[in-house]
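These notes concern the structure reproduced below.
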Amino acid sequence: MTCLCFLGEGSACDQHELLHYVEYAHAKNVKSCLYTGKEQLEDWMHNFDYVKIGKYLPQRGPLWSETTNQRMYVRHHEIWFPLKPAMFR
């Protein structure tokens with residue numbers, strides 16, 4: 001396994017628990033990813049290696065569509081970089 005992916009973040013209490021799993025994954029040299037319907041990155045998400053934000057809207061298409069409302073970010077040295085839809089094809 002190379003990456004542990006969480007689908008949704010739940011409540012604030014769940015978010016705290018997710019971060020414990022992320023720390024455990026990183027201790028085992030496993031990357032972490034969060035898929036969330038939130039519309040922007042939030043401070044508590046900084047421990048993840050990848051974060052996908054935005055609800056899935058069928059009329060806008062999936063993550064790899066040029067018209068999607070969703071965005072995928074990768075964290076590198078505490079800076080978030082957006083990944084382009086073409087990278088998912």
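Positions are given from 1, in the same order as the sequence printed here.
Residue L83 holds its CG atom at 11.5 Å from CZ of R71, rounded to the nearest 0.5 Å. The CD1 atom of I79 sits 14.0 Å away from the NE2 atom of H46 when rounded to the nearest 0.5 Å.
Here the closest heavy-atom approach between residue Y56 and residue G61 is recorded as CE1-O, 3.7 Å.
Counted by atom type alone, H26 and D49 present one or more donor-acceptor pairs between their side chains at under 3.5 Å.
Using a 4.5 Å heavy-atom threshold, the side chains of S32 and Y50 count as separate. Contact check for L63 versus S65: no side-chain heavy atoms found under the 4.5 Å cut-off. For the pair K84 and M72, the minimum side-chain heavy-atom distance is 4.5 Å or more. At least one side-chain heavy atom of K28 sits under 4.5 Å from a side-chain heavy atom of Y24.
Residues near L57 contribute nothing to a hydrophobic cluster around it, because no ILVMFWY side-chain heavy atom sits closer than 4.5 Å to its side chain. In this structure, V30 shares a hydrophobic cluster with M1, L4, F6, L18, L19, Y21, V22, L34, L41, W44, M45, F48, V51, I53, Y73, W80, the cluster being traced through Ile, Leu, Val, Met, Phe, Trp and Tyr side chains under 4.5 angstrom apart.
In terms of modelled atom types and a separation under 3.5 Å, the side chain of K31 and the main chain of C33 share no donor-acceptor contact. Proximity of a side-chain donor or acceptor of N69 to a complementary backbone N or O of K55 within less than 3.5 Å is detected. Using a distance-only test at 3.5 Å, with no hydrogens or angles considered, no donor-acceptor pair links the side chain of T36 to the main chain of E9.
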